[in-house]
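Inspection log for the structure reproduced underneath, given as C-alpha cells.
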Protein chains: 2
Amino acid sequence: MSTVPPPTVLARATLFDVARLVGVSIQTVSAVINDKPGISEPTRVRVRQAIDQLNYHPNILASSLRARKSFTIGVIVPSITNPYFPEFVRGVEDVAHEHGFSLFLCNSDNQSDKELAYLQLLRRHAIAGFIDACYMENSRCRETLVDLIEHGVPVVVLGNVRIHPKTVVVDSKNKQGGYAAVAHLVEMGHRRIGVIKPPPTIVGLDRLSGFQLGFHDHGLPIIDQYWVEGGFDVSHGEAGIKRLLELPHPPTAVIAANDLVAMGAATALRQMGKRVPEDISIIGYDNIRMAELYDPALTTIAQPVYQMGVTAMRAIIRRIDDRSLGGAKRDFNPRLIIRASTLPLRRNRKARRLIRREQGIA
Amino acid sequence: MSTVPPPTVLARATLFDVARLVGVSIQTVSAVINDKPGISEPTRVRVRQAIDQLNYHPNILASSLRARKSFTIGVIVPSITNPYFPEFVRGVEDVAHEHGFSLFLCNSDNQSDKELAYLQLLRRHAIAGFIDACYMENSRCRETLVDLIEHGVPVVVLGNVRIHPKTVVVDSKNKQGGYAAVAHLVEMGHRRIGVIKPPPTIVGLDRLSGFQLGFHDHGLPIIDQYWVEGGFDVSHGEAGIKRLLELPHPPTAVIAANDLVAMGAATALRQMGKRVPEDISIIGYDNIRMAELYDPALTTIAQPVYQMGVTAMRAIIRRIDDRSLGGAKRDFNPRLIIRASTLPLRRNRKARRLIRREQGIA
DNA sequence: TTGTATGCGTTATCAC
DNA sequence: GTGATAACGCATACAA
C-alpha cells in the first residue's frame, strides 16, 4: 500500500552516503578507511569528518564477502561450564582480539552430532580459522574438518590427533600426564587404585592410555571393576566414587579424569563420612583454579591451559598471514603438583619403605 | 607471470555451480535450499543431489548481506573465567543454537574502553541481537547501545539499568539479595561485619546498595575501614580479607562480593591459621557450582544464572520475530542458601538469644 | 591522486 | 513452476 519505509528500522549509512556527502567517489572513502595510500590529506580529513557526521560504520559482512576473507574464528569446546575451557578460550580470545578477530563459541557436550552440526554451521559462516577443543573420532566430523583445511582454513585441534598433514595440533601430553598420576600414587605406596575414566574424546582417550601404561609399567593388574565409566563433570566423580566404594575391597587411592571429577568424588566421600586423603587419596587433572582453593587442596597434573589457547590462536594467525605454512605439533609438558589430597598409604609401612628404596627416594 | 590459480585455495561451490550442474536457474536452487514453495518434487530431488555431489554449502555472509538479516548474537561478559558467566553464556547458547543463531563472545574485563571497542566491533558485524552482561555506566557505551537499539537491534542488559525504553533488562534483584546477606549475618548475631566490595558495574553497585541498606535497616553503622575495595575475583578475596584482619577489631563475619571472593578469603584465612566459620563467618553470592563443593560449603545468595541466560536469549528471539515489541524487565528472585560457612556468633550468647527473640525465631 | 566498471554469493521482484 | 534482472555494501583492477 504505502511506500513509506517501516519506521522502526533506520537505514545505516553506507560508503555511498559518505562519498556523496564529501563529493568524492566510494572507493576514495574506502581507501581512507583502509588506510591505503594515494589520497591527499585534505580529502582524508573531509572523509573522516563525514564518517563521524553520518555515524558511518563499515559493514564487515560486505567487506568480508568482497575481500574473500573474514575475521571470525570458530571455537568449539565440550562445555564452557567446565572451568578448564574458559581458561583456554580466554587465551584464544585475548590473542584474537589483539589481531581484530572475533570468536564464534560453540558447545558440543561431547556429542559427535552436535560437533558436526556446529562444524557445518561454521563452514557456512566462512570462518577464517577454526579451533576444535573437543574432537572425537567420527568420520563425518573428520570429513568436514578435512574439507575446511583443504579449502585453506587453518585448523587447530586440541589433543593428540593428526587429522590432516596441515592440521596444527596443540597438546599437553596427556599420556605422559596420566602416567605421572599413576606413578605418584604408586610412589605413595598405593597398589589398589581406582580410576574414574575420562570420556572417549581424543584428550580423554590419551589420558586413559597414560593411566593404563602407568599401571602396566608398575606391575599393577588392570581389573575392570576398578576402572569405572566416567566423564569430565562433577557428577561423574560423585557416581564413580560410589561404585568404587561398593567394591569388596575399595581402592586406597583414586585417579579422577580431571579436577572437577576429583572434587565431586572427594565431596561425596566427605558426605559419606570418609576422609580425604586419610581414608582415600585422590588425584585430579588440569589444575584448575579451584584445585588450589579446595580443601583438601588437590594433588593434580597441571597443564598451561591459557598458554595453550594463546598458542592455538597464534598458530591460526600465522597461517592466515602465510598460507603456505603446513601442519605443526606443539606439545606442552604436564606437571605433577603435589598438594593435600594424596597421602602415603599407611596400612603397610614396611611395604611402603620398600617401594621407596627401590625407586631411590631418600 | 603465470595465470594458474594458487593451488592451495580451492574455490567453494556456489549456487551458480549447482544450478549449472542441474540445468536450472540459480533462484530455483535457492528456493529448494530455503524450502520455498513452487518447485516440483523431481527438481527438488535433482537439486539436492547436485548439492551433495558438489559439496555445496550456502555462504551465510552473502545471504545475510542480501537478506539484511544475520544470525549472529553478540555477547559480552566481564570475563568468561568467572564461573558465573559460563553458566549464563551456556543458557544463552543453548537457546541460540536451538534457533540457528551463533554467538560472538567477548570479554570486557570490566573495562569500559574494552566494552566500547567490542560494542563497535559487533555493530560492524551486523549482529541480530546483543546481550551485555557487563554494562558499566559510560556515555560512549550508552551511545553505542542506543544507536544499536534505534537501528532495530534487540538489546538485553544484565542488571538493573534502563538505557533506552526498548532495552530488555534481565536482573536478579541484587539489592534485595545483598540485603538478605546482611540480614542473615545479623540474624546470626553478628554486628561487626566486614564487606569486600564488588566492582562498580551495574550489578556490583546494585548489590552494594543492598549491603548498605541492610546495614542501615539493622542499625549497623557504616564504618569505612570495614568496607574494603574489591572486585569479583579470587584475588580480591585474598587481598580484602588481609586488610580486614589488620583492623584493631577485625569483623566476626564477612560479606564477599561473590562466591569466588568468598573462597579466596576463606582459603587465605585458613592459610593464616583462622577457621571458617568458627573464627569468622563468610557469606558469598551467586551460588556457583563450587560453592556447594567447597569446604566449608558456602552460605550464599543464589541466582538462577542459566535460566537468566535462557531468558535473555529468548527475549532477543521474540524481538527478532516481532520488531514491534518494546522493552521489558524480567526480575529473578535471589535466594539465601545457608550452608556451613556462616555460624551464629558465640562471643556473647545472651546477645544472640536476644536478637533471635526479637526476630521471632524459635 | 581520483573515478569507472565489475563482481563477491546470495535473495527479491518481477515477468514468463 | 521457472527464469531474467537488480540489489545488498564493499573492494579491486585499471584507466584517467
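Proteins get letters first, then strands, A, B, ... in listed order; numbering begins at 1 in each.
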Any heavy-atom pair between the side chains of B/Leu325 and B/Val168 that's under 4.5 Å? no
Should B/Cys106 and B/Leu122 count as side-chain neighbours, where that means a heavy-atom distance under 4.5 Å? yes
Do B/Arg90 and B/Asp94 sit within salt-bridge range, that is, some charged N less than 4.0 Å from a carboxylate O? yes
Please determine if A/Asp171 and A/Arg162 form a salt bridge, counting it only when a charged side-chain N lies under 4.0 Å from a carboxylate O. no
Note, B/Val24 side chain near B/Val29 side chain (heavy atom, < 4.5 Å): yes
For A/Thr28, answer base if it contacts any base atom (sugar-phosphate contacts may also be present), sugar-phosphate if it contacts only those atoms, and nothing otherwise; contact means non-hydrogen atoms under 4.0 Å. sugar-phosphate
Quick one: CD1 on B/Ile317 to CD on B/Glu98, what's the gap to the nearest 0.5 Å? 7.5 Å
With no hydrogens and no angle check, is any side-chain donor or acceptor of A/His125 less than 3.5 Å from a backbone partner on A/Leu121? no
Contact state string [nucleotides 8-16 of chain C, B base, S sugar-phosphate only, - no protein heavy atom under 4.0 Å]: BBBBB----
Please collect all ring pair (Phe, Tyr, Trp, His ring centres under 6.0 Å) contacts where either partner lies in residues 53-73 of chain A, sequence neighbours excluded, each pair once. A/Phe71-A/Phe101
Heavy atom of residues 41-48 of chain B under 4.0 Å from DNA chain C: which residues? none
